[in-house]
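Data first, discussion second: the structure below is written as structure tokens.
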Amino acid sequence: QILNPIDVDGRIFFVVNQVDPEQALWVSDGTEEGTYLVRSFEPTDYYPYYSLDMSGQGSAVAFGSDLLFFAPDGFGKKGLWRTDGTGDGTELLIPDIHHGKLVIFNNEVYALVQDTQGAPMKIWETDGTVSGTRMVQEFGGSIPFTAQNGTVMYVLILLPDNSGELWKTNGDLFIKVNTFPYLENPKNPVFFNNLLYFSDQNAVWKSNEPPATNLAFFVDSGSIREMAIANNLFFFNANISIEYHGLPDQSIDVVWQSTGTQAGTKSVTSTANGRKPEFLTPFQNELYFIGSPAMSNSPSLYKTKGRVTTGSSLIEFDSMQLVDLRAVEYLKIINKRLYYIGTGPYGAFWKSTDGTSIRSLWTSGHNYGYPGDLIPFKGALFFSACDSYWVDFTRVEYTNNELWTSKNGVTHQALDLYGADSSYPDQLTVSGEHMFFTTQPTQNRYELWALGPIVLDQAVYLPAVIR
């Protein structure tokens with residue numbers, strides 16, 4: 001199985017799970033001769049926890065033309081490795097790691113690691129060499145998140161007694177900024193008026209310097225799940241307790257807004273429109289999100305600038321399709337347009353908006369199903385989808401899961417690799433002059449393909465890897 005392709009300076013590195021528990025790191029520049037095994041890693045007794053896994057955020061980073069990643073260290077645990085894409089250029093930087101995460105800051109890589117489960121977190125700094133790797137700070141707890149604002153990086157520490165400490169660094173010393181009396185699940189760091197704000201359960205805290213009242217605002221019920229800044233306002237989704245369908249004290253998710261103070265915090269949406277909001281996305285100085293209209297569980301695309309004196313500026317922008325999206329983001333911004341999966345008379349497909357008008361990637365005669373992730377490449381857009389057709393009034397049958405492309409308002413199937421059999425293109429990744437994707441022609445066969453750099457519709461076959 002081919003997993004986790006990462007773009008590194010015009011090449012991709014990817015993981016191959018082989019027949020044995022052994023895992024392998026491969027590299028490809030989009031040509032057959034430039035695709036080869038870099039190194040294999042033997043799993044430990046704690047496989048798959050101590051494994052070569054580049055799927056999680058911070059589990060691997062591109063650093064110049066090198067890749068830094070976590071993999072078995074050869075001594076029974078995990079280690080931080082660096083590779084330039086050759087066997088001789090692959091070396092262990094930090095051994096004996098239980099858990100780790102990588103962050104790039106000030107042209108250096110910082111590794112946030114634990115030696116053993118429950119141990120204090122340590123921060124290492126590395127320039128990608130053994131001699132340039134050193135431990136710079138040890139903390140007494142876990143690190144829920146880091147956040148960067150220009151030349152300053154903030155690190156939140158959650159101590160064993162559930163109190164919190166906020167530290168900052170400019171790349172030299174770490175300085176304690178704030179303490180917090182009690183935290184459970186701090187997340188969603190955002191910067192607003194040059195201060196760091198983050199949520200914890202139903203409260204939002206801020207990084208006053210010098211410390212003052214750090215509690216910014218809170219809501220009475222429910223946990224804050226997402227936060228975003230748009231139109232110089234905080235937006236977040238959380239519960240509101242109301243009477244709903246004649247039943248008292250019902251918790252319904254709605255969108256809230258805040259000026260950063262308790263007095264300036266109020267709900268934007270209601271149970272009548274925009275319920276169950278998610279994927280809060282700032283775009284064109286407005287907030288877009290997916291929600292549900294009244295008395296319906298089918299999602300719609302909404303936008304808002306927040307509540308004004310005369311009421312809410314909430315607009316139901318377009319209806320959407322409730323489909324299985326796999327790992328696809330509902331909302332993504334490409335070339336100053338917001339893309340989302342919408343619906344029409346012939347199935348689900350990608351749509352886009354500039355904030356005013358709506359465009360569709362739908363082509364007459366095709367009924368798309370299960371659209372995959374959308375990737376820009378060479379002035380066109382690429383995505384995977386089934387070409388579906390109606391069987392009767394009660395069901396739709398999907399066929400031909402292939403790679404599609406759209407350019408200048410024309411959408412068509414880009415490739416037909418296996419004739420009548422679907423190719424199931426996945427993990428679309430642009431690197432340099434190539435767009436890579438994986439296929440699965442049969443149950444246990446996986447292949448890596450690349451669209452070549454000169455002719456857009458030309459596919460360059462790369463060696464198949466069979467699990």
Side-chain angles (χ1 to χ4, degrees), residues 49-50 53 55-59 61 70 77-78 80 94 96-105 108-125 135-149 152-192 194-219 221-229 234 236-239 258 260:
Y49 190 81
Y50 296 149
D53 181 4
S55 62
Q57 183 179 11
S59 59
V61 296
F70 293 106
K77 294 180 74 175
K78 189 157 51 176
L80 176 63
I94 307 173
D96 196 32
I97 294 173
H98 171 74
H99 172 72
K101 180 180 179 180
L102 301 175
V103 176
I104 295 180
F105 172 66
E108 298 283 337
V109 176
Y110 287 79
L112 289 54
V113 303
Q114 279 181 313
D115 296 339
T116 59
Q117 187 173 4
M121 295 292 292
K122 297 177 181 178
I123 295 186
W124 291 69
E125 181 184 25
M135 200 266 284
V136 294
Q137 187 74 31
E138 181 173 347
F139 296 104
S142 62
I143 301 178
F145 64 76
T146 63
Q148 298 180 30
N149 187 21
V152 177
M153 179 170 68
Y154 290 86
V155 181
L156 184 69
I157 310 300
L158 186 61
L159 299 172
D161 64 356
N162 282 100
S163 62
E165 296 177 350
L166 185 66
W167 293 67
K168 70 174 184 178
T169 182
N170 61 3
D172 294 325
L173 299 177
F174 280 81
I175 301 171
K176 187 190 296 187
V177 178
N178 294 115
T179 59
F180 303 93
Y182 186 82
L183 299 174
E184 288 189 41
N185 184 28
K187 59 183 180 179
N188 297 321
V190 295
F191 288 95
F192 184 64
N194 215 34
L195 289 177
L196 174 67
Y197 289 72
F198 64 92
S199 67
D200 181 65
Q201 301 298 94
N202 65 329
V204 172
W205 299 83
K206 60 182 177 179
S207 61
N208 284 345
E209 298 181 39
T213 303
N214 300 118
L215 180 63
F217 57 88
F218 64 92
V219 292
S221 63
S223 295
I224 295 171
R225 296 186 290 112
E226 300 174 71
M227 292 204 304
I229 306 294
F234 272 98
F236 59 95
N237 47 9
N239 293 148
S258 179

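When the side-chain contact (heavy atoms from CB on, under 4.5 Å) test is applied to Val190, the partners found at least two apart in sequence or on another chain are Tyr197, Met227, Ile229, Phe234. Judged as a side-chain hydrogen bond (donor to acceptor under 3.5 Å, both in side chains), and not counting sequence neighbours, Ser207 has no contacts. For Asn237, the side-chain hydrogen bond (donor to acceptor under 3.5 Å, both in side chains) partners two or more places apart in sequence, or in a different chain, are Glu226. Residues satisfying the side-chain contact (heavy atoms from CB on, under 4.5 Å) criterion with Thr116, sequence neighbours excluded, are Lys77, Ala119. Looking at residues two or more places apart in sequence or on another chain, you find a side-chain contact (heavy atoms from CB on, under 4.5 Å) between Thr169 and Phe105, Met153, Phe174.
To the nearest 0.5 Å, atoms CG (Leu196) and NZ (Lys206) are separated by 12.0 Å. With rounding to the nearest 0.5 angstrom, the OH atom of Tyr110 is 4.0 Å from the CD atom of Glu125. The line from CD1 of Ile175 to CG of Leu166 is 11.5 Å long, rounded to the nearest 0.5 Å. In this structure, the separation between CG on Asn149 and CZ on Phe191 is 4.5 Å, given to the nearest 0.5 Å. With rounding to the nearest 0.5 angstrom, the CD1 atom of Ile97 is 5.5 Å from the CG atom of Leu80. The line from CG of Asn178 to NZ of Lys168 is 9.5 Å long, rounded to the nearest 0.5 Å.
In this structure, Tyr154 has its ring center no closer than 6.0 Å to that of Phe198.
Residues Phe70 and Lys78 come closest through the heavy atom pair CB-CD, 3.7 Å. Between Ser258 and Phe236, the shortest heavy-atom distance links the atoms CB-CE2, 4.3 Å. For the pair Ile224 and Asn188, the tightest heavy-atom approach, listed with the atom from each and the gap, is O-ND2, 4.0 Å. When all heavy atoms of Leu215 and Ala203 are compared, the pair lying nearest together is CD1-CB, 3.8 Å. The shortest heavy-atom contact between Asp200 and Pro186 is OD1-N, 3.1 Å. Of all the heavy atoms in Ser55 and Asp53, the pair that sits closest is OG-OD1, 2.6 Å.
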Acceptor/donor pairs from residues 135-148 side chains to any protein atom, 3.5 angstrom cut, sequence neighbours excluded:
from, atom 1, to, atom 2, distance (Å)
Gln148, NE2, Ile104, O, 2.8

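In this structure, the side chain of Asp96 does not engage the main chain of Asp115 through any donor-acceptor pair within 3.5 Å. Between the side chain of Asn185 and the main chain of Gln201, no donor-acceptor pair closer than 3.5 Å is present. The closest donor-acceptor contact from the side chain of Asn214 to the backbone of Trp205 lies at 3.5 Å or more, if one exists at all.
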Hey, mind stepping through Leu183 and Asn162 against side-chain contact (heavy atoms from CB on, under 4.5 Å) and telling me if it holds?
-> CA-CA 5 Å; Leu183 299 174; Asn162 282 100; 5.9 Å; no
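No more than 12 heavy atoms of other residues, nucleotides or ligands shown are found within 6.0 angstrom of CG on Asn194.
Side-chain contact check for Glu165 versus Leu159: some heavy-atom pair is nearer than 4.5 Å.
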